[in-house]
Protein chains: 4
Amino acid sequence: MVLMNLSYRTNYLHTYFKTTVVIPDTGKTNYTAVWLLHGYTGDDSAWIRHVNIENLARKNDWAIIMPEARNSFYSDSAFIPYYSYFIDEFIPKMQSLLPISTDRDKNYIVGSSMGGYGALKIAFLNDDKFSKVAALSPITDIEHFRDNPKGPMAKETFDAIFDSPEKVAKNQLINIFNNRQPKLQILTLCGNNDFMHEDNVMFKNFLSIHAKDHYTWMPVEGDHSWNTWTANIDKVFSWLA
Amino acid sequence: MVLMNLSYRTNYLHTYFKTTVVIPDTGKTNYTAVWLLHGYTGDDSAWIRHVNIENLARKNDWAIIMPEARNSFYSDSAFIPYYSYFIDEFIPKMQSLLPISTDRDKNYIVGSSMGGYGALKIAFLNDDKFSKVAALSPITDIEHFRDNPKGPMAKETFDAIFDSPEKVAKNQLINIFNNRQPKLQILTLCGNNDFMHEDNVMFKNFLSIHAKDHYTWMPVEGDHSWNTWTANIDKVFSWLA
Amino acid sequence: MVLMNLSYRTNYLHTYFKTTVVIPDTGKTNYTAVWLLHGYTGDDSAWIRHVNIENLARKNDWAIIMPEARNSFYSDSAFIPYYSYFIDEFIPKMQSLLPISTDRDKNYIVGSSMGGYGALKIAFLNDDKFSKVAALSPITDIEHFRDNPKGPMAKETFDAIFDSPEKVAKNQLINIFNNRQPKLQILTLCGNNDFMHEDNVMFKNFLSIHAKDHYTWMPVEGDHSWNTWTANIDKVFSWLA
Amino acid sequence: MVLMNLSYRTNYLHTYFKTTVVIPDTGKTNYTAVWLLHGYTGDDSAWIRHVNIENLARKNDWAIIMPEARNSFYSDSAFIPYYSYFIDEFIPKMQSLLPISTDRDKNYIVGSSMGGYGALKIAFLNDDKFSKVAALSPITDIEHFRDNPKGPMAKETFDAIFDSPEKVAKNQLINIFNNRQPKLQILTLCGNNDFMHEDNVMFKNFLSIHAKDHYTWMPVEGDHSWNTWTANIDKVFSWLA
């Protein structure tokens, strides 16, 4: 098992970004790739600081790619055009540097909290690139999130990214789903004490209808914290397998 | 000589930031600290990737602290309140973790390009914390920089940070200098082929009058690139010593 | 919480070594220090790759220092005079760089497998520096270990370190204990299916007699693997607290 | 340009080793690979701490791979069977992980001091894998080196690796060359004030006769230090190109 720390200049983002990768050294040329996204306040080291990611990689002989996203919400903004970077620069860069598959059937995307939102958005918009998406405690309704007094993000920071009602609407997961009707396997979970649990239940109800044959809801306990994600990430990876 | 890579959560910035430190292991309890700032597109690894920083640290037995600044312009914005973070969280954090002096006479701040702007701004506003500042090819006039077609930064990104004419004015180095009349040693340099050379000459003329007994202009050749900064950083450190 | 990766030249070892540190940023000047040692085949990243070390640090507001030991057996040999380095160079270097206490009452040493042997040896020889030692599945009898067909280490590699019967004898934990009669709190544990379980029981019986008022045996299940150490490290830290 | 830090378990060495890689992100699938070896006391970070390696990589669009070798002398010993690891595990591992060529015409090996010895030995024994080798201030006669009072290595450490006269003889570069008659381009250099300058001149004389049509001697000034290597590494890379 190889732990890689990558630091590179991105032309999209006009700066250096970091990515952490765990990749088996079993000699394959096209490992299944799991793109594992961190939440608000995290960075590329967030997952490996909380979870034994190497165990998860070893179990299925998968590569796990953990990009730095800063607090970009995995979205294009004046400050960081992160979504465009992710699709147009980051994925191709990783695919050219690492022995990972470009086949959608061997690419899964997973994230927690803001990273759950990011995973769902990226997957819904790119079901040609990903065949499965799993979101742990995702932000399912960004407008509710903005106005939720329990949320961690200052409204002005949110508004620096989503700077008009049109942009908020365009980036709502339900709207993206309705527009694109993506075809891929979807899993979501959210702890029963999560401050966004109600939003997640509504999203579950939506997907149960509109994505019914390819949607899984995983009922779990817990709040909006790493406790919930560390307790369930193994089951999420088992679902992916 | 010890190379340290630090990764930590910042409460000001609601995320993890990284800092690279080079510090002698000669047993001192209060090393002189040089705060060395990177430019636009850089990160905490920019200086050590271009210059043998350990040699500079060894020569004077100094600690050299290279913070990540992202493309924040070392300024408070809705997206990153970087200036407040730097003064109120970052400096105290480093001073509590590392055996560095808190005495202004043993604290110098240096940067290139956007980092030169940052060094000058931070120093002018905090001459109780720093006794010397050196700026290599600094952005001396942010309004000119914004509108300069040769500049690397999209206008909308600039405007996401400096989002009103008042904010631009408040962050102009000359205005800060005039308001505060800072008392510290100042050095600037700018290559004769730099696209901001003219701005730097005007700034030199201003400082020659208003900071005359504590200002040094170091005439150098070159353009706005690492070639100029690697060619002159030794001389800048000799001036600091 | 700060994650630090340190790389530095050691004069004792004639090369560069790495150390990983997790240290709270709560502003203390003399954190309690836990020196956490890896086993055979490990390196300074071994513990953080398997366990959420930051959680353990946060719980008690302790610094946790994880040195690289290579396969030195924490002992002086022609190839690596590691023990001398650890005592005479490494500990003072960390104490001069980091805001950690030099008081024995605030210094604990912990390790697993070869690191458990190292922790016990270092503690027995330096009870002026450490007040508590905990060993998870330690190698308690190096001569048995050398000849145990289940052991991971080639005999010739062992013999390159312990190159005479006298040196083996001098480095046996029981002999060190008998010679020095160290006074500090001691904890050992060993899974019931560990291939060195019998040796550990004998060592427990020895310490129960000779260190009776300051010795604790923690009965646990499991084999000689990270499964056992990850399952019990929390309890070990609770014992330290 | 991507800077990669790799940490992985090696089965040959029964532990974790680190490698630093600089690799362009220009999308190639089979970059020319330069294997760049550090000297005694160095580690995988030695070259990037002294030289702007990214510039060298950019100039020719090459990948540069800097393995950790510890003080192994790039040789098999009881403590570290490094040579076998390098050939049988390390090179294949890097070739399976990275988009680098396996063609000998696109593989060069370079090193300084002990790394110069290593580069020459590995190249002489594997001219099917490498088409060019360059050695900066190499240790050309290990027996002289052992007994040279100016050398940095304790005799007992040397003897822990080369533990018999037969092993010394077998590892002398001239003997390896005579046995194998390797066919590849060879460059050596050694500063005129190097304490091993005389040995290098003798080696030059040997190669001038026995490898005459594919040997280059690069006359340089300086002593046995990074000053000499940083002053000449650009010219060495120009020779490779």
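In what follows, chains are A, B, ... by sequence order, proteins preceding strands, each numbered from 1.
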Side chain proximity check, B:Thr216 to B:Lys132, heavy atoms < 4.5 angstrom: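 No, side chains not in contact.
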Would you call B:Lys93 and C:Asp25 a salt bridge, using N to O less than 4.0 angstrom?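 Yes, charged N to carboxylate O under 4.0 Å.
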Between C:Lys28 and chain B, which part of the residue has a heavy atom less than 4.5 Å away: side chain, backbone, both or neither?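 Contact with chain B: backbone only.
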With a 4.5 angstrom heavy-atom cut-off, could you sort out which part of C:Leu97 is near chain B: side chain, backbone, both or neither?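 Looking at C:Leu97, backbone and side chain both touch chain B.
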Chain C contact via B:Ser7 - side chain, backbone, both or neither, heavy atoms under 4.5 Å: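 Both parts, heavy atoms under 4.5 Å.
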Check each atom of B:Met1 against the heavy atoms of chain C and say whether the ones under 4.5 Å are side chain, backbone, both or neither.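 Just the backbone, heavy atoms under 4.5 Å.
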Against the six-membered ring of B:Phe17, is B:Arg70 placed for a cation-pi contact (under 6.0 Å from the centre, within 45° of the normal)?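 The answer is yes; both the distance and angle limits are met.
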Is a side-chain donor-acceptor pair under 3.5 Å present for B:Thr10 with B:Glu89?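 Yes, because at least one side-chain N or O of B:Glu89 sits under 3.5 Å from a partner of the opposite role on B:Thr10.
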